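Would you mind keeping the following structure in view while I ask a few things?
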Amino acid sequence: MSVRVRFAPSPTGPLHIGGARTALFNYLFARAHSGVFVLRIDDTDKERSTKAFEDDILDSMRWLGIDWDEGPDSSGDFAPYRQSEREERHRDAALRLLAEEKAFYDDEKVLRLRYPIGEVVVRDMVCGDCVFNMQSLGQEPALLRSNGTPTYHIASVLDDVEMNITHIIRGQDHLTNTAKHQVLFEALSGKVPTFAHLPLILGEDGSKMSKRNTEGLTTVTEFRDAGYLSEALINFLSLLGWSHPEELETLSREELLRSFDLGRVNQTAAKFEFQKLDFLNGWWIRNLPVEHVAREARAFVDDYSDLIDERGPEFWESVVDGLRGKLTRLSDMAAFGPLLFSLTPDIADDAREHFSEGDAHAGFLSVAKRWCELLAEVPLEGDRDCYTVEQFKKMTKILKKELDVDAKTVFQGLRVLVTGSLSGPDLQVLASSIQRSVLQERARSVVAAFSS
RNA sequence: GUCCCCAUCGUCUAGCCUGGUCCAGGACACCGCCCUUUCACGGCGGCGACGGGGGUUCAAAUCCCCCUGGGGACGCCA
C-alpha cells in the first residue's frame, strides 16, 4: 500500500514553528516514498477555531514551499478535509462504539472510550516500543462532549482511518495520546497505522518552545517578517532532530527531498538556537540567485519603494548583489535605504570624534575639498546618473596621489563623506549605486557638520 | 505526584542497532592568524563533550542495571 501521511493542525492559532517542522517531516517523508501528503484541518474546537488562522496556516505552508496533495482548498478522494464538515461521521462512529460496548457514558453525560485491561504497546519508528499500562494513563479519552459534539480523539482517529493514513508523524508530546488512539484504531478498524514521534523542539531556555522565546518569534509569519528566507527556515528545521547521511549542513529543498530518511531521526529534544538559523539565513542570502534575494528583500525597504522603482530593476539587483554579503536577515536591508538615498547622512559619533581635531581633521578637510572638486569635474558616463565602480576607483586614486595624506585617512574620510560613518558596506559598491547629485549634497552636508 | 520518553563539546549533531578503526568526527558560536585601505565573506588554526556508579567483555561512547538530570503527558484543547 502506498504511503499516505497527513499534517492536521487545528486553526486555533497561526502556524507555529514547531508545527512547521512536523509538517516538513511529513512532507519530506511523503515525497521520499512517492506518497501522498494530506493537509487536514482539525477544527473540532469550534470556539477557538477561526478561518483567519486556517488561512494563516495555509499561507505559511505555501510560503515555506511545503505543498500538499489533498487538502481543504483542493478536491481529493477523501474530501471534505475540514473536520467541522465531517461531524456526522465522527458522531456516528462514536455511537457505533457505544453500541459495541467499546465506549460508555460517564456521570457527566460524556461518551468515553473504554480501555482494555492491561498493556498497550506502541511500535514507533523513532522511539521503538513504548509500553503503556492503560490504567495508568488517567481518565478515558472523551469521544463526545455532553453537548453531543465529537472531540479531537474520535475525529482524528476516524479520519485517519477513512483517509487511509498509513503513517502518523507528529510530535513526541502525543506519545501518551497515541496509546489511547491505538485502542481507538483497533476498535474502529482493526488496523493501526505506523507511528513516528518526532523529538520536541525546546526553547533556548531548555523548556517548551512556548509563547515567547528570546527573539520573540514563534510563528512562521513572524519569522518571515523578521527577514528569514523560507530556504533557511526549512534547512534549519530539517536539522532539528535529523541529520544528513553525509553530514551536509546547507541543504536545499531538492537535497532534502533526495536524502530524507525517517530512520535518521533521533530521539533527543533539540533546543532552538538562533545563532545557527542566522548563519544559515546569511548563507542562503549569499548563495541563492540574486533575482530571488532581490525580490524577497524588497519588502524590507518599503519606505524607499518609489525611489527604487525609479532607478529600474537592474539597479536594485546590483545593489542587493553588492550588499548581500553583509546581511544576516533581509530586514538588515532596511538600514541600507537611507544609506542609498538620504541626502543628509547622520554622522556617527566615532566618525565625528575621529576627524574632529589635529592632523586627522586637517587631512579630512583636504580630502573633502578635493572630493567635492572631483564630483564637480568628473563627468558621468553615457546617460548614467551614478559613477561606475571604475570611475570611483580612479577618483580615489587621484585623491591618494595628489594629497599629502595617508591612504587610511583618504579611505576613511571618503567613507565618512559618502555615508557619515567609519564602517559599512563596500564603499565602491555603495558609491557606484548613489546618484552623483546625492553624493554632492552629502559631501556638502558632512563638510558643513565638520566645519561648525 | 503518577506514567512515558530522553541523556556525546555552550548549541545542533555523527558514531550507538551490527562492541575494537573514537585518547570521539562535523557544523554554529567563541578565540587567534591570514585575506582585506572599514565591516562582513572566505581560508587556516585553537578552545571544547561520551552525566555518575555498578556490571557483561580480552575490549564499551556503543550492551544491561541503578542513580542523577532534563523533557513530555495526565482536559467535555488539539
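In this text the structure is predicted, and so the values were computed from the model without any measurement. The sequence lines fix the lettering, A, B, ..., with proteins before strands; numbering per chain opens at 1.
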Inset, instruction - Could you state the atom-to-atom distance from CG of A:Asn235 to C1' of B:rU13 in whole Å? - result: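 Roughly 14 Å, once rounded to whole Å.
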Legend entry - Residue A:Asp173, side-chain heavy atoms: nucleotide from B:rA73, B:rA27, B:rC76 that is nearest: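 Nearest nucleotide to the side chain: B:rA73.
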Inset, instruction - Quick one: label A:Leu240 by what it contacts on the DNA or RNA (base, sugar-phosphate, nothing), any heavy atom closer than 4.0 Å. - result: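 Here A:Leu240 touches the backbone only, sparing every base.
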Legend entry - Charged N-O contact under 4.0 Å between A:Glu373 and A:Lys369: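 Salt bridge flag = yes for A:Lys369 with A:Glu373.
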Inset, instruction - With the side chain of A:Glu108 defined as its heavy atoms from C-beta on, choose the nearest nucleotide among B:rC76, B:rA73, B:rA78. - result: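 Output: B:rC76.
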Legend entry - Distance test, side-chain N/O of A:Arg286 to OP1/OP2 of B:rG42, below 4.0 Å: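 True: A:Arg286 side-chain N/O within range (under 4.0 Å) of B:rG42 OP1/OP2.
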Inset, instruction - Report which part of the nucleic acid A:Pro9 touches: base, sugar-phosphate, or nothing (heavy-atom distance under 4.0 Å, all strands). - result: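 Answer is nothing: A:Pro9 stays at 4.0 Å or more from every strand.
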Inset, instruction - Remember a base hit wins even if backbone is also touched, and classify A:Arg170 as base, sugar-phosphate or nothing at under 4.0 Å, heavy atoms. - result: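 Result for A:Arg170 = nothing.
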Legend entry - Short side-chain N/O contact from A:Gln267 to OP1 or OP2 of B:rC5, under 4.0 Å: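 No, because none of the side-chain N or O atoms of A:Gln267 sits under 4.0 Å from OP1 or OP2 of B:rC5.
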Inset, instruction - Would you indicate what A:Ser10 reaches in the nucleic acid, counting non-hydrogen atoms under 4.0 angstrom: base, sugar-phosphate, or nothing? - result: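 Sugar-phosphate contact only - A:Ser10 comes under 4.0 Å of backbone atoms but never of a base.
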Inset, instruction - Describe the nucleic acid contact of A:Ala407 in one word from base, sugar-phosphate, nothing, applying a heavy-atom distance below 4.0 Å. - result: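 Here A:Ala407 touches the bases of the nucleic acid.
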Legend entry - A:Lys276/A:Glu249 salt bridge by N-O under 4.0 Å criterion: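 Judged by the 4.0 Å cut-off on N to carboxylate O distance, A:Glu249 and A:Lys276 do form a salt bridge.
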Legend entry - A:Glu247 (side chain) and B:rG25 (base): donor-acceptor pair under 3.5 Å: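 For A:Glu247, whose side chain was compared with the base of B:rG25, there is a donor-acceptor pair (under 3.5 Å).
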Inset, instruction - Please say whether more than 12 non-hydrogen atoms of neighbouring residues, nucleotides or ligands are located less than 6.0 Å from CZ in A:Arg123. - result: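 No, not enclosed.
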Legend entry - Integer-rounded Å distance: B:rG42 C1' and A:Phe279 CZ: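 Distance, rounded to whole Å: 11 Å.
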Inset, instruction - Can you figure out which of B:rC28, B:rA73, B:rA78 approaches the side chain of A:Thr176 most closely? - result: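 For A:Thr176, the side-chain atoms sit closest to B:rA73.
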Inset, instruction - Determine the contact category for A:Gly282: base if any of its heavy atoms lies under 4.0 Å from a base atom, sugar-phosphate if only primed atoms, P, OP1 or OP2 are that close, otherwise nothing. - result: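 Counting heavy atoms under 4.0 Å across all strands, no contact is made by A:Gly282.
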Inset, instruction - Looking at every strand, decide which applies to A:Asn266 at a 4.0 Å heavy-atom threshold: base, sugar-phosphate, or nothing. - result: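 The residue A:Asn266 makes sugar-phosphate contact but no base contact.
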Legend entry - Aromatic plane relationship, A:Trp242 with A:His244 - under 30° parallel, 30 to 60° tilted, over 60° perpendicular: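 Judged by the thresholds at 30° and 60°, the geometry between A:His244 and A:Trp242 is perpendicular.
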Legend entry - Side-chain N or O of A:Arg112 closer than 4.0 Å to phosphate OP1/OP2 of B:rC76: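 A:Arg112 to B:rC76 OP1/OP2: side-chain N or O found under 4.0 Å.
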Inset, instruction - Calculate the interatomic distance between A:Lys271 atom NZ and B:rC9 atom C1'; express it in whole Å. - result: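 The answer, rounded to whole Å, is 13 Å.
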Legend entry - Among B:rG71, B:rC5, B:rU8, the nucleotide that comes nearest once only the side chain of A:Leu175 is considered: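 Nearest to the side chain of A:Leu175 among the choices is B:rC5.
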Inset, instruction - Determine the Euclidean distance between corresponding P atoms of B:rU62 and B:rC50; express it in Å to zero decimal places. - result: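 Per the computed distance, 12 Å lies between those P atoms.
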Inset, instruction - Can you figure out which of B:rG72, B:rG15, B:rC76 approaches the side chain of A:Gln139 most closely? - result: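 Shortest atom-to-atom distance from the side chain points to B:rC76.
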Legend entry - From B:rC28, B:rC76, B:rA78, nucleotide with atom closest to A:Asp42 side chain: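 Shortest atom-to-atom distance from the side chain points to B:rA78.
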Inset, instruction - Check every strand shown and say whether A:Val131 touches a base, only sugar-phosphate, or nothing at a heavy-atom separation below 4.0 Å. - result: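 Sugar-phosphate contact only.
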Inset, instruction - Could you check whether the rings of A:Phe223 and A:Tyr228 sit parallel, tilted or perpendicular, using 30° and 60° as the cut-offs? - result: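 Tilted: the ring planes of A:Phe223 and A:Tyr228 meet at 30° to 60°.
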Inset, instruction - Could you check whether A:His174 gets within reach of a base, just the sugar-phosphate, or nothing at all, counting any heavy atom under 4.0 Å? - result: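 The answer is base, as A:His174 lies within the cut-off (heavy atoms under 4.0 Å) of a base atom.
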Inset, instruction - Indicate, with a heavy-atom threshold strictly under 4.0 Å, whether A:Ser146 touches base, sugar-phosphate, or nothing. - result: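 The answer is base, as A:Ser146 lies within the cut-off (heavy atoms under 4.0 Å) of a base atom.
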